[in-house]
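Here's the structure, in structure tokens; my notes come after.
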Amino acid sequence: MSRSHFRSGAQWTLGTLSIAVLAACGGGGGSPGRVSTSPPAAGVAAPPAGVAEGSGTQAGSGALLSLNPANPLTPAPPLAVPAPIGSTLTTLQLINKASSAQSNVPLTFGQVFAPGALPANAGLAGVAGDVLVPLQVNVKAKHPDGSVRHAIISASLPQIGAGQTIALALNAAAAPPPVAPRGPGSLLAAGFDTMVKLNLGGQLYTASAAQLLQHSAYQTWLSGPVVNEWQVSAPLKSAAGVEHPHLSARFAIRAYNSVNGINGKVRVDVTIENNWAYEPAPKQFTYDAEVLIYGKSVYNINALKHHQHARWRKVFWPDLEPAIHIKHDTRYLIASKAVPNYDQGLSIAPAALTAMKTTWDTAKAGPMGMAMVNNYMPATGGRPDIGLHHTWGAMYLLSMDERAKEVSVGLSDLSGSWPMHYRDRNTGQPVSIVDYPYVRDIRISSDSYNRVLKRWEDLPQCAPAAECVTPYTPDTSHHPSFSYLPYLVTGDTYHLDELHFWANWNLLNQNPGYRKHATGLVKSHQARGQAWALRSLTQAAYIAPDDHPLKGYFQQVVNNNVDWYNTTYVTGNSNQLGFLDNSGFATVAYNGPGGLRTGMAPWQDDFFTSAVGHAVELGFSNAKPLLDWKSRFPVGRMTAPGYCWIDGAVYALSVRATETSPYFTTFAQAWQATMRAADNTDLVNSTGQRYVDQPCGSQQQADWRTQLERDKKTGRMPWLAGEMTGYASSAEGFPSNMQPALAAAADSGIPNARAAWDTFARRTVKPDYTQRPQFAIVPR
């Protein structure tokens, strides 16, 4: 079906809400950015029509914070109190990775701020030792109180010695005055161009960034006296000017200003996509690719198989790339609640970081590649990519190690390889369930037919089969959080797009009726799928720029889901234990004493509870009643009378006697039924003792389990008193899966929640989280 059948929409403006630029000699101010309405003329330094976002102010003075190099983390300020002028909000560490000194080093990074800490009308001053470093602050998202939530900060570091580490304090400062906008005219006048050439079976297709900047409307992402970034995109074209129906190029050109204002360092971000949602006959294409900057070839790859609905990215510096590792303040990131409360008492094992980097380097994953993550996502079992963040992201947050950052950001780059990217030509955004309420990534009967608009809205399928083979199978129930953290710390829009693609795909891969069409409910997924879909959706809604067209889209989808869960569980109170049963959507599908559909998976449910807790911390206060209701379940398994907490993280829990019976009303009933049904606790062992009669957490109980292991001749080491079942020593075992849920429950404040956490914390066998910390989350 031709895309002309579908409703069109406005192009997204990559502008910012406001900009604060602080410079030693003052600066200018800003206003919301808009797409340029006319291209710049080559050689003309004056900006084209349109509003840019730079602004600046005279730096405020104040006390400077000198950091102890052995403890570079700074305490977070009160979360709801604006920082006084001159006070330090957070401090970053800038590490020179080069063997020689560097000067005039361009820096750009993303930074989240705690609610209320940085008012919208305030600014920032950068201080390195006793040196004032001018900052450009492009505000992207705000908290409900109007204070800054997420900003992209840029600077030019005057000097850094070989191997030196410099502490860069971000100090609160007075509001900035306006700054004049700048377009790409000066860059183009200096001869800049980036060209992509794709050779498909002898047919050459090209795209030129310079031509697009000159002859099409560009989008402004960064603007100010330190750096400007302009973004353009278009289908690749043949020499005859014929557009390729599927392949397109996207350029993000970041130009830093030198001392005299022009011809500074340039960074070019190139993405090649095979992503159009409704373009007929999608398939894999094999081509040779070359990237040229200033006419010089900087990248070549031959016989690349570009999978359908996938994309790849490369970043280039025509001049020497800055060799700086930027370390954020872990304490501040966690205190802001933008990331979970990972246990900061952990020290990530150096051997684990080394092994991670070796694995990453060995994979040598390039375009259409993947490293570390299981290519077949539906595969079961404990794995490092599952959690509110994957284990490499958690390692990065806790260590701020350069290798962990490289892997975390690199995995987001490679997440474009998966065949689930559907971009709408009309809007330039991931295809919307509001625009296409019957959209589905496959056709199921007539469920994807829109009877109102009389059209099929399922996405065209790749054919023929020989040209559709991809090594990657995505899955909602096991998809990682690839790109939230990389976007948060870098501010690169590639990562923002990836976050949006993955969050949105969790809606597209459902039956439209099950998700209630444009409502976007995720209740038809497995419990773990509901957990990770909700995690991805809330992260996307939280961090998206406020002027992004998908900001409200994702916020509404999240609110729709929270409303459904509140109505179904909190108001409906469908069971007394606090677990998901999803009104018959097969969540209760495990075997129990009465047979099929009498049991459920507590570990999957715990994933969901942790995702709800994460949503509450990200500001979705309407999810607090749901968190309170859901917290009953992990808390009850640790504290309820008649339920032994040793089995708090069992693989399957019986919740009713038969498929048609009502749910148990007490945890004691659930535990008794589960223990009598489980193979490893079948009433009696060879000593004639019943497991359910052993004192909970006692040596007798441990001895009973040890005897059972001997009876079965498993060779397992003796059980210890206070050792939980479910692979207690594994960082990905069922007690580890339970930990973030218990932490969220403890923070919820419901009765017995802290007691539940205390019992859990006193267990005798615990995992080594220093190598895989994705579940090492503790109460705040």
Side-chain angles (χ1 to χ4, degrees), residues 16-31 53-65 67 74-79 81-94 106-143 145-158 166-179 222-227 256-257 326-329 331-333 335-336 338 488-491 545-546:
T16 59
L17 289 174
S18 63
I19 305 288
V21 178
L22 294 174
C25 299
S31 57
E53 303 88 9
S55 60
T57 186
Q58 183 72 28
S61 61
L64 304 181
L65 178 62
L67 294 181
T74 59
L79 298 188
V81 179
I85 297 297
S87 65
T88 298
L89 279 73
T90 184
T91 301
L92 297 90
Q93 304 297 307
L94 310 179
L107 305 172
T108 295
F109 56 90
Q111 178 66 52
V112 289
F113 294 94
L118 182 61
N121 61 349
L124 284 177
V127 180
D130 57 356
V131 177
L132 186 67
V133 179
L135 299 181
Q136 173 180 311
V137 183
N138 292 92
V139 176
K140 294 298 179 183
K142 296 180 181 179
H143 292 291
D145 65 359
S147 63
V148 177
R149 169 180 288 175
H150 184 239
I152 301 174
I153 300 173
S154 301
S156 180
L157 187 65
I166 292 178
L168 177 64
L170 304 184
N171 289 359
V179 66
L222 303 177
S223 181
V226 176
V227 64
Y256 290 87
N257 301 325
I326 302 174
K327 295 178 65 172
H328 285 72
D329 183 338
R331 294 182 188 178
Y332 189 84
L333 291 182
S336 74
L488 187 150
V489 299
T490 69
D546 288 346

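When reading the values below, keep in mind they use all heavy atoms of this one structure, side chains included, and skip hydrogens, waters and symmetry mates.
The two residues P225 and Q136 make their nearest non-hydrogen contact at N-OE1, 3.3 Å. Of all heavy-atom pairs spanning A120 and G146, the tightest one is CB-O, 2.9 Å. Scanning both residues, V133 and A128, for their nearest heavy atoms gives CG2-CB, 4.0 Å. When all heavy atoms of G491 and I152 are compared, the closest pair comes out as O-CD1, 3.4 Å.
A side-chain contact (heavy atoms from CB on, under 4.5 Å) with T90 is found for exactly one of L170, V112, L333, L118, namely L170. Screening I153, N171, V226 against L135 for a side-chain contact (heavy atoms from CB on, under 4.5 Å) leaves a single residue, I153.
A 4.5 Å side-chain heavy-atom check between V127 and L132 finds at least one atom pair inside the cut-off. Put simply, the side chain of Q111 does not reach to within 4.5 Å of the side chain of L89, judged on heavy atoms. L168 has its side chain out of reach of T91: every pair of non-hydrogen atoms, C-beta onward, lies at least 4.5 Å apart.
Applying the side-chain hydrogen bond (donor to acceptor under 3.5 Å, both in side chains) criterion to T108, with sequence neighbours excluded, gives S154, Y256.
Legend: side-chain hydrogen bond (donor to acceptor under 3.5 Å, both in side chains) pairs involving residues 113-126, not counting sequence neighbours: none detected. Sorted by first and then second residue, the ring pair (Phe, Tyr, Trp, His ring centres under 6.0 Å) pairs with a member in residues 108-137 read F109-H328; sequence neighbours excluded.
Between the side chain of H143 and the main chain of G116, no donor-acceptor pair closer than 3.5 Å is present.
To the nearest 0.5 Å, atom CD1 of residue I166 and atom CG of residue L157 are 5.0 Å apart. Note that the CG atom of L488 and the NZ atom of K140 stand 14.0 Å from one another [nearest 0.5 Å].
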